[in-house]
Structures are given as structure tokens and as C-alpha cells.
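Ligands are counted one by one from 1 in listed order, and the atoms in each one are counted from 1 as well.
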Amino acid sequence: MRRKLAAGNWKMNGTGASLAEIETLMKSHPAPGVDVLICPPATLIGRAAALAEGHVLAIGGQDCHAEASGAHTGDISAAMLKDAGATHVILGHSERRADHDESDGDVRAKCRAALAEGLVAVVCVGETLDEREAANTLDIIGGQLAGSLPDIASAHDLVIAYEPIWAIGTGKVPTTAQIGEVHDFIRTKLEQRYGAGVGRSVRILYGGSVKGSNAAEIFAVSNVDGALVGGASLTAGDFSPIVSALEEA
Ligand code: 13P
């Protein structure tokens, strides 16, 4: 059985005042029936982790450097995230692949660094609209998985997030058949790569314009083990119904 995961990616949003949203979320779900993760900007990780201490809500980073320390101005290592209280880290988000030219190899190196520190790596893959329209989606996803994932992973330290780039922040959501096709494909690739035991246990999240209004439908799709949510994770009011929908799925 895979434990479901509702993950929020705050991206470059949030200041100290936003911590109240985490507090409200924890009050609304004192003992959630699913895993809940919030990935605030790095500036808030320490305070968010302190706030969530004693609650099952987990706090994660949105990126880490592949190296443990050194002359990399502005970067943050996996060890630093862990030290700040993070237990998870999002890696290879399409916005980082685009804004910071991150290659599959870069993502793989970061992933290895994260796992070495005992963080759970949430590795993102997804196709552009052009790639989907050219019927290349599965090839693209297969290539990203092959290049971005480490050779050794366990059921607990790896999560995949399928985020079609054209669905991120656009209000456009793939059909449930399209989501199911990609999630089933990712499951097969994970089983081939890590063997049936681990391959069947790694969670696969869907991300891209998930909202309270469409969450239940998405969570009913096979091999969808939760969601990675951007905009609708910024307030407890928007994120709580998604957590509830996952609990009921
Ligand atoms: P939205 O939920 O805002 O579409 O963002 C999805 C995403 O990129 C999460 O990582």
C-alpha cells in the first residue's frame, strides 16, 4: 500500500505572515489520513519546521545543490535543508529546468545528494505542449526518468511528480485518461528500473492546476498517489479541500 501524499510547492511566494496558513492547515487536519508536505521558500523552512514540530505535516525545500558545501553563492545544500528541518526536497521542477538550465544529469546529481542526506527526493518530470502535440509525451517522460533518477532508491526516499508543463498555473488539466496513461507508464518504468518491490511502492504525484474542484477526479485515476500543488497550496483555505479529497480517495 502506498501512503498518499498531498504536497504544496509555494515556489517564490511567502513571507513570515504566510506561516499562519501552515498553522491553520494543521488545525484543520490534526491527524491527517494522508502525508502532507509543504515546501515553502528556503527563507521560511526553519520557521515552518519549528511550527510543524510534533505534527505529522512535513516541510521540504524546492531545490538543493549537488555538492555538500563550497563556493556556490546563493545555493543551498541538502545537508543545509536537513539542518533547517526539511525532510523532503523537490528536484528538477520544470521552472528550475527552464530558469536555471537544469539538465537531467544535474537533477540526478542533486537527487543523489538529497538521498545521501536522508531527504526524500520529489523528482519532477513533464512534457511541453509542443511535445504532447507531437505525440512525444512518453518518450520525453521516459528520457527524463532515465536521466534524472539515481540508480539506487528505496520506496521511501523517492517520489515522482508528473507535471505537464502546459498544465502548470494555466488552469488547463489533462484528461483523466491522459494522466492515467503517463502514471501507468511511469509505474512500469520504475518497476523496470528498481524491481517490482520498490517500483510498486514509489509514489507518483500529479501536478498542474490541481484545485479543490478537480482533485477528487484526479485522485481516482490509477497510479495517482497524490498531488504536487502550486497556487492552490498557498492558503489553507484552498489546500485543505485537496487534502480532504485525498483522504477520501
Ligand atoms: P499549479 O498548481 O499552480 O499549477 O503549479 C503546479 C506546480 O508546478 C507544482 O509544483
Give me the nearest non-hydrogen protein atom to atom 2 (O) of ligand 1 as residue plus atom name, then the distance to 0.1 Å.
G230 N, 2.8 Å
Using a strict threshold of under 4.0 Å (side-chain N to carboxylate O), is an ion pair present between R2 and D35?
no
Considering only NZ, NE, NH1 and NH2 on the basic side and carboxylate oxygens on the acidic side, decide whether D225 and R187 come within less than 4.0 Å.
yes
Give the residue and atom name of whichever protein heavy atom lies nearest to atom 7 (C) of ligand 1, and the separation in Å to one decimal.
E163 OE2, 3.1 Å
Residues S244, H29; criterion side chain to side chain contact (heavy atoms under 4.5 Å, CB included); working and verdict:
CA-CA 9 Å; S244 299; H29 302 272; 3.4 Å; yes
Which ligand 1 atoms are under 4.0 Å away from a heavy-atom of S209?
1 (P), 2 (O), 4 (O)
Any N or O on T170 sitting closer than 3.5 Å to an N or O of ligand 1?
no
I168-ligand 1 polar pair, N/O distance under 3.5 Å
no
What protein heavy atom lies closest to atom 5 (O) of ligand 1? Include the residue and the distance to one decimal.
K11 NZ, 3.3 Å
Quick one: look up the protein heavy atom nearest atom 3 (O) of ligand 1 and list residue, atom name and how far away it is.
G231 N, 2.8 Å
Output the list of atoms in ligand 1 that are nearer than 4.0 Å to some heavy atom of G208, sorted by atom number.
4 (O), 6 (C)
Under 30°, 30 to 60°, or over 60°: which ring-plane class applies to H183 and Y162, parallel, tilted or perpendicular?
perpendicular
In terms of atom number and element, which parts of ligand 1 are under 4.0 angstrom from non-hydrogen atoms of L228?
9 (C), 10 (O)
For a quick check under 3.5 Å, do S222 and D184 share a side-chain donor-acceptor pair by atom type?
yes
Donor on one side chain, acceptor on other, H93 and Q62, under 3.5 Å
no
Could you list the atoms of ligand 1 found under 4.0 angstrom from a heavy atom of N9?
9 (C), 10 (O)
Does a donor on one side chain and an acceptor on the other come within less than 3.5 Å for S18 and E21?
no
